[in-house]
Amino acid sequence: MLPPRQHEAKPDGAAWPLSRLPPRPPSDPVSTLGPVDGFRGELQTDEARRTPFGDASGILRTLPDAVAVPVDADDVAALLRWASSHDVKLVPRGAGTGMPGGNVGRGVSVDLMTHFRAPAVVDAERRTAVVSVGTTLAELNLAASVHRLHFPVDPSSGERCTFGGMIANNSGGSHTVRYGSTRAWIDALEVVLADGTRVSTARGERERHPRLAAILAEVDAALAPHADSVVARWPAVRKNSSGYALPDYLRTGDAVDLLVGSEGTLGLVTSATVRLAPLPVARGLALLEFTDLAAAGAAVKRILELRPATCEIIDRTFIDLVRRGAEDPGYPLREGLEAILFVEFEADTEGEVAASLAALEAHVAGVADRVTVAADQARRERFWHVRHAASPLIAKLSGNRISMQFIEDGVVPVPRLADYIRLLRRVLGEHALPAVIFGHAGDGNLHVNPLVDVAKPGWREELEAIVVEVAAGVAALGGTMAGEHGDGRLRAPLIETIFGAETVACFRAVKAAFDPTGILNPGVILPLPRQRPLDAIRY
Ligand SMILES: Cc1cc2nc3c(=O)[nH]c(=O)nc-3n(C[C@H](O)[C@H](O)[C@H](O)COP(=O)(O)OP(=O)(O)OC[C@H]3O[C@@H](n4cnc5c(N)ncnc54)[C@H](O)[C@@H]3O)c2cc1C
């Protein structure tokens, strides 16, 4: 059962201006605590400085009590020493593009972008790069492209999002079906622990910093009696950004596996060594049309055998919106389609790509209603245009409907994909909530943008009921609520529904070992007492 609601709602459903949020409890530790020993960066409490840090992408918003802008890793260490000795809560922050509210909260918002942008150092021979955490994906890829390399995990926010955020959320993208999520590409991390200790940790290392060794010994002792049952009931999904990655850690013993995906709750990352992949030489795309949803689900399983670079889906809701609204959808959208799959191949030669496309056509013969191949780059770009056509149409929708991301990232085992789409359509239909559904079919990961009528009485309660029902449904399908966006504050209250009490107790043991006083992003991944998903909804 979730605790009683206590969100900060403006009666007409519109967003509160941050300056007019309902009053908070009077405690304001930061302005009363005096200077931070050894800290050379900015620590600001004035409202104008804090306001931009109260907002992020997604539906949650909370004004922090202060903003800290450390100038380097030693500064982060000074801030954490101070925070741990004064029980000040910290909310690490990159570009603020994260969806579920891991980047907003009370306490001190820590800007890990502004001064963490040293140019990436690319080692072309070893295909690695050392990146400062404020570096964006686009910046690293620009530096790596000189060597015909790239970071192959591609969140669509890559122009803006930082490596700190990608590491913290274990971000993914349309190419994750081929390359995996961020975790698989991280070799080493520089981290500041909750007590201000700076540590470096690399995969496979034997010599550990004594503080990190002590933490991991505590984690190992806590996990040992539960390891088998945690692994046995772990969701069998291809990608996951929910909870702490216990099976990965139990397999490798690498602290990197726990820290990646920990959403700023176990330590603040300041730099990383990442692996790079060669840029593909040739690409080819096919669009597969389906009038039957189950057939689309079955086709995805077959397509995975061909190792596609992407396998994306738009469902009927998305197709109908674009068909009705877009002046030039980029591809002729027929009536009556249940889904379209976008399947792309990458290879070293055009010949290999052509062979993969031919194999695809043979593989889905009799399953897909129609297969159209985009032979050249111009046509490929036009076809991809369909996949991006919904966002401007949603933005143009007038009236009281607002697109909100609150069930936007569920992931299920691929064989359950069609069941998951049906579940979403049913729940949304019962609440008469129009939505567009699309996402990374090859990974079983769907994005959902419901269009919420904020003039409807009781809409917030309805949203929460939907979140709870979808989470229960996703759990029953063997999935999690976050394929790539993380849990944040939005999904922390659902964590036990997904993982069960025993695994969540193990999560708590990990958190307690790394952050015994709970100063690092409290309420993210693990809920605080009485926390509810939409407590901090901005509308
Ligand atoms: C239009 C749009 C498209 C998107 N598409 C994708 C997509 O395709 N795939 C995908 O995975 N995500 C996507 N996202 C979500 C988001 O962009 C990613 O999760 C991104 O990696 C967040 O990076 P950020 O720098 O904005 O981090 P923030 O939003 O600032 O922070 C995200 C989380 O990371 C923590 N954090 C940040 N820096 C650090 C650090 N240095 N140390 C410790 N913790 C830290 C924060 O506390 C927070 O919990 C999208 C978002 C938008 C708005």
Side-chain angles (χ1 to χ4, degrees), residues 52-53 55-60 64 70 73 76 80 89-105 107-117 131-139 151 153-176 181-183 189-194 239-241 259-272 310 312 387-388 390-391 394-395 403 405 408-409 411 438-440 443 445 447 449 482-492 514-515 520-525:
F53 289 80
D55 259 321
S57 302
I59 62 167
L60 304 187
V76 175
L80 269 83
K89 315 296 183 203
L90 300 179
V91 181
R93 171 120 171 169
T97 67
M99 299 276 188
N103 43 16
V104 290
V108 179
S109 182
V110 186
D111 173 356
L112 292 165
M113 186 163 188
T114 302
H115 294 297
F116 291 82
R117 305 183 63 106
V131 287
S132 196
V133 283
T135 309
T136 65
L137 175 62
E139 287 164 348
F151 189 79
V153 186
D154 57 339
S156 54
S157 50
E159 288 291 325
R160 289 190 292 147
C161 71
T162 68
F163 267 88
M166 287 173 62
I167 290 165
N169 282 348
N170 188 30
S171 293
S174 58
H175 287 73
T176 287
S181 301
T182 298
R183 179 176 291 110
L189 296 172
E190 301 265 337
V191 184
V192 186
L193 300 173
K239 71 198 289 202
N240 181 36
S241 285
L259 289 161
V260 176
S262 66
E263 301 184 44
T265 63
L266 303 183
L268 270 56
V269 182
T270 55
S271 123
T310 69
E312 302 282 285
R387 170 74 167 74
H388 306 292
S391 300
I394 291 170
S403 168
Q405 282 92 9
E408 88 294 353
D409 195 31
V411 60
F438 58 103
H440 313 298
D443 283 321
N445 179 205
H447 298 318
N449 279 13
E484 56 182 22
H485 293 172
D487 291 313
R489 289 182 168 71
L490 176 67
R491 287 183 268 271
F514 274 88
D515 180 22
L520 300 179
N521 234 355
V524 170
I525 298 184

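Atom set for the values below is all heavy atoms of this structure, side chains included, hydrogens, waters and symmetry mates excluded. This structure is a prediction, so every number in the text was calculated from the model and none was measured. Ligands are counted one by one from 1 in listed order, and the atoms in each one are counted from 1 as well.
Under the 3.5 Å distance criterion, the side-chain polar atoms of Asn170 are matched with a main-chain donor or acceptor of Arg183. A donor-acceptor pair is defined here as one N or O able to donate and one able to accept, closer than 3.5 Å; no such pair exists between the side chain of Ser157 and the backbone of Arg160. Checking side-chain atoms of Thr182 against main-chain N and O of Ile167 turns up no donor-acceptor pair under 3.5 Å. In terms of modelled atom types and a separation under 3.5 Å, the side chain of Ser391 and the main chain of His388 share no donor-acceptor contact. Formation of a donor-acceptor pair under 3.5 Å by the Asn521 side chain with backbone atoms of Glu263 is found in this model. Between the side chain of Ser181 and the backbone N or O of Gly172, no donor-acceptor pair lies under 3.5 Å. In this structure a side-chain-to-backbone donor-acceptor pair under 3.5 Å is missing from Asn449 to Ser403. Checked by atom type and distance alone, the side chain of Asn103 never pairs as donor or acceptor with a backbone atom of Gly94 at under 3.5 Å. Using modelled atom types, no side-chain atom of Arg93 and backbone atom of Ser109 make a donor-acceptor pair closer than 3.5 Å.
Protein heavy atom closest to atom 25 (O) of ligand 1, with residue, atom name and distance, is Thr162 OG1, 2.7 Å. When hydrogens are left out, the protein atom nearest atom 46 (C) of ligand 1 is Pro92 O, 3.1 Å; that is the closest non-hydrogen contact. Nearest protein heavy-atom contact of atom 12 (N) of ligand 1 is His485 CD2, 3.4 Å. For atom 22 (C) of ligand 1, the closest non-hydrogen atom of the protein is Thr97 OG1, 3.3 Å. Shortest contact from atom 21 (O) of ligand 1 to any protein heavy atom: Ser171 OG, 2.8 Å. With respect to atom 27 (O) of ligand 1, the closest heavy atom belonging to the protein is Gly165 CA, 3.4 Å. In terms of protein heavy-atom proximity, atom 14 (N) of ligand 1 is closest to Ser157 OG, 3.6 Å. In this structure, atom 5 (N) of ligand 1 lies nearest to the protein heavy atom Ser156 OG, 3.0 Å.
Here's the thing with Arg160: none of its N/O atoms is less than 3.5 angstrom from an N/O atom of ligand 1. Any N or O atom pair closer than 3.5 Å counts here, and Gly172 shares at least one such pair with ligand 1. When only interatomic distances are considered, the shortest N/O to N/O separation between Met166 and ligand 1 falls below 3.5 Å. Taking only nitrogen or oxygen atoms, main chain and side chain alike, His440 does not reach within less than 3.5 Å of ligand 1. Geometrically, ligand 1 and Asp154 share no nitrogen or oxygen pair separated by less than 3.5 Å. Residue Cys161 has no nitrogen or oxygen atom sitting less than 3.5 Å from a nitrogen or oxygen atom of ligand 1, judged on distance alone. Considering backbone and side-chain atoms alike, Val91 places every N or O at 3.5 Å or more from each N or O of ligand 1. Looking at ligand 1, you won't find any N or O of Ser57 less than 3.5 Å from one of its N or O atoms. Ligand 1 has no N or O atom lying under 3.5 Å from any N or O atom of Met99, backbone or side chain. Note: an N/O pair closer than 3.5 Å links Gly96 and ligand 1 by distance alone.
In this structure, His447 and His485 have parallel ring planes: the angle between them is below the 30° cut-off, well short of the 60° mark.
With a heavy-atom cut-off of 4.0 Å, Asn521 touches ligand 1 through its side chain alone. Counting heavy atoms under 4.0 Å from ligand 1, residue Asn169 touches it through the side chain alone.
Residues Asp487 and Ala482 share a closest heavy-atom pair of OD1-CB, 4.2 Å. Between Arg489 and Val104 the shortest heavy-atom distance is NH1-O, 2.6 Å. Leu520 and Leu266 make their closest contact through CD1-C, 3.5 Å (heavy atoms, listed as atom of the first residue, atom of the second, distance).
The nearest non-hydrogen atom to atom 36 (N) of ligand 1, considering only Gly267, Gly264, Pro100, Ala168, comes from Ala168. Nearest-heavy-atom check against atom 40 (C) of ligand 1 across Val153, Asn445, Leu112 picks out Leu112. The closest non-hydrogen atom to atom 29 (O) of ligand 1, taken over Ser262, Gly98, Gly483, Gly439, comes from Gly98.
The distance from ligand 1 to the heavy atoms of Pro155 drops below 4.0 Å at these ligand atoms: 6 (C), 7 (C), 8 (O), 9 (N), 10 (C). Each of the following atoms of ligand 1 lies closer than 4.0 Å to a heavy atom of Glu263: 47 (O), 49 (O).
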| field | side-chain contact (heavy atoms from CB on, under 4.5 Å) evaluation trace for Asp409 with Met99 | value | CA-CA 9 Å; Asp409 195 31; Met99 299 276 188; over 6 Å; no
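In this model, a donor atom of one side chain and an acceptor atom of the other lie less than 3.5 Å apart for His440 and Glu484.
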